[in-house]
Amino acid sequence: MAHSSSSGLTFKLHPLVIVNISDHYTRVKTQLNPPPSVCATENNNGEAMLQQPNPRVYGCVIGVQRGRTVEIFNSFELLFDPSTETLDRSFLEKKQELYKKVFPDFYVLGWYSTGSDAEESDMLIHKALMDINESPVYVLLNPAINHAQKDLPVTIYESELHVIDGIPQLIFAHTSYTIETVEAERISVDHVAHLKPSDGGSAATQLAAHLTGIHSAIKMLNSRIRVLHQYLAAMQKVSSLLRRLPAMESERFQDNFLMEYNDKLLVTYLAMITNCTSAMNEMVDKFNTAYDRNTRRGGRTAFM
């Protein structure tokens with residue numbers, strides 16, 4: 001049985017971490033133990049497929065530590081080799097580098113796994129992460145459903161050095177925590193909660209309706225992206241054609257270009273002459289009109 005922690009640290013756990021761990025476990029379990037309908041489709045011989053035991057999943061938890069307060073914001077999955085019981089170190093470093101670019105203030109605070117209780121082999125993984133964080137935390141999610149349990153099936157462990165039989169040893173010590181949420185997390189958790197079966201329908205019916213809505217939204221988004229892609233492809237062709245124009249230095253192109261250019265200039269020149277002629281005719285008409293009035297008074301002939 002794990003001891004209680006005496007570090008005095010305050011832990012705050014965000015719901016996103018719990019959702020990520022639960023999603024990770026559900027996906028891995030579904031891949032190992034597919035639904036009966038899928039098993040019947042894939043197994044043509046009619047033989048019963050053996051059910052795999054509940055798997056364990058592993059990952060890292062990230063967040064910040066401000067003084068004596070440790071706040072766990074997010075998590076990401078890790079690759080685990082069951083034969084050597086070690087984590088894929090290169091994959092861990094790559095994921096850590098990517099998350100550092102997106103969340104520069106977040107650090108690896110520890111790791112997570114699934115199970116009913118901490119095991120002795122978990123200490124090997126815990127020690128392997130001490131070069132990243134000298135005092136990592138261990139978040140354990142119990143995927144077993146217990147309707148009588150009112151608390152969240154999540155336990156946070158710290159590692160403490162105790163002297164047992166005269167030998168200093170690291171042991172897991174469970175600590176208390178509180179749930180800390182932000183507005184975006186409250187909205188997402190509320191959305192997931194509404195997928196819970198109600199009296200009006202089964203879980204499969206509600207899930208089918210939910211997936212149908214998502215499929216319709218993705219289909220509409222795909223059609224709009226296709227239109228944008230076609231427009232960008234056409235603009236790319238136009239841009240390519242325009243970039244090629246200055247590179248054409250053949251004599252035939254120059255002759256055709258100068259001919260078209262001169263024709264355009266000539267049309268523009270004729271249009272200007274026409275406008276000038278029209279304006280001059282209008283001015284002459286006005287002058288003749290005014291001169292006619294004077295001739296009636298003085299008896300003179302028109303100017304034009």
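All residue numbers in this chain count up from 1 along the given sequence.
To the nearest 0.5 Å, atom CD1 of residue Ile62 and atom CG of residue Asn133 are 13.0 Å apart. Taking CD1 of Ile171 as the start and CD of Gln169 as the end, the distance is 8.5 Å to the nearest 0.5 Å. Note that the CG atom of Leu13 and the CD1 atom of Ile18 stand 4.5 Å from one another [nearest 0.5 Å]. For the atom pair CG of Leu170 and CD of Glu160, the computed distance is 9.5 Å after rounding to the nearest 0.5 Å. For the atom pair NE2 (His162) and CD1 (Ile167), the distance works out to 15.5 Å, reported to the nearest 0.5 Å. Here Leu266 contributes atom CG and Ile273 contributes atom CD1; the two are 8.5 Å apart, rounded to the nearest 0.5 Å.
No side-chain donor from either of Asn20 and Ser22 sits under 3.5 Å from a side-chain acceptor of the other. In summary, the side chains of His174 and Glu158 do not present any donor paired with an acceptor at a separation below 3.5 Å, with no hydrogens or angles considered.
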Go through Asn142 and Thr114 one step at a time and tell me if the side chain to side chain contact (heavy atoms under 4.5 Å, CB included) criterion holds. CA-CA 6 Å; Asn142 186 4; Thr114 55; over 6 Å; no

Evaluate Val64 against Arg66 for side chain to side chain contact (heavy atoms under 4.5 Å, CB included), listing each step before the verdict. CA-CA 7 Å; Val64 296; Arg66 304 181 183 93; 3.4 Å; yes

Can you check side chain to side chain contact (heavy atoms under 4.5 Å, CB included) on Leu78 and Asp88, steps first, answer last? CA-CA 7 Å; Leu78 291 178; Asp88 190 336; over 6 Å; no

Given Lys264 and Glu260, is the salt bridge (charged side-chain N to carboxylate O under 4.0 Å, His left out) satisfied, shown in steps? CA-CA 6 Å; Lys264 297 296 182 183; Glu260 292 288 339; 5.2 Å; no

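Annotation: side chain of Leu141 is in contact with side chain of Pro153 (closest heavy-atom distance under 4.5 Å). Looking at Phe73 and Glu71, their side chains come closer than 4.5 Å, going by heavy atoms from C-beta outward. Using a 4.5 Å heavy-atom threshold, the side chains of Thr175 and Leu9 count as separate. In this structure, the side chains of Leu87 and Leu79 stay at 4.5 Å or more apart for every pair of heavy atoms. Between Leu140 and Tyr157, the closest side-chain pair of non-hydrogen atoms falls below 4.5 Å. Tyr177 is listed as a side-chain neighbour of Leu152, based on a closest heavy-atom distance under 4.5 Å.
Of all heavy-atom pairs between Tyr25 and Val57, the closest is CA-CG1, 4.0 Å. Here the shortest heavy-atom pairing between Leu32 and Pro55 reads CD1-CB, 3.7 Å. Minimum interatomic distance between Cys60 and Leu92 (heavy atoms only, all atoms of both residues): SG-CD1, 3.6 Å. Between Gly115 and Pro143, the shortest heavy-atom contact is N-CD, 3.8 Å. The two atoms that bring Glu180 and His14 nearest to each other are O-ND1, 3.1 Å, heavy atoms only. The two residues Ile179 and Pro15 come nearest to each other via the heavy atoms CG2-CG, 4.0 Å.
Within a 6.0 Å sphere centred on CZ of Phe257, heavy atoms belonging to other residues, nucleotides or ligands number 12 at most.
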Sequence neighbours excluded and cut-off under 3.5 Å, please list the side-chain donor-acceptor pairs for residues 122-132, or say none.
from: Asp122; atom 1: OD1; to: Arg56; atom 2: NH1; distance (Å): 3.0
from: Asp122; atom 1: OD1; to: Arg56; atom 2: NH2; distance (Å): 3.4
from: Asp122; atom 1: OD2; to: Arg56; atom 2: NH2; distance (Å): 3.3
from: Asp122; atom 1: OD2; to: Glu119; atom 2: N; distance (Å): 2.9
from: Asp122; atom 1: OD2; to: Tyr138; atom 2: OH; distance (Å): 2.9
from: His126; atom 1: ND1; to: Trp111; atom 2: NE1; distance (Å): 3.0
from: His126; atom 1: NE2; to: Pro136; atom 2: O; distance (Å): 3.3
from: His126; atom 1: NE2; to: Ser159; atom 2: OG; distance (Å): 3.1
from: Asp131; atom 1: OD1; to: Arg89; atom 2: NH2; distance (Å): 2.7
from: Asp131; atom 1: OD2; to: Arg89; atom 2: NH2; distance (Å): 2.3

Residues 94-110 side chain polar contacts: donor-acceptor under 3.5 Å, at least two apart:
from: Lys100; atom 1: NZ; to: Pro104; atom 2: O; distance (Å): 3.0
from: Lys100; atom 1: NZ; to: Phe106; atom 2: O; distance (Å): 3.3

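Checked by atom type and distance alone, the side chain of Ser239 never pairs as donor or acceptor with a backbone atom of Met235 at under 3.5 Å. One N or O on the side chain of Asn275 and one on the backbone of Ala271 form a donor-acceptor pair closer than 3.5 Å.
In this structure, Leu161 is a member of the same hydrophobic cluster as Phe172, with clusters built from ILVMFWY side-chain heavy atoms closer than 4.5 Å. Clustering ILVMFWY residues whenever any of their side-chain heavy atoms sit less than 4.5 angstrom apart, transitively, puts Phe76 in the very cluster that holds Tyr58.
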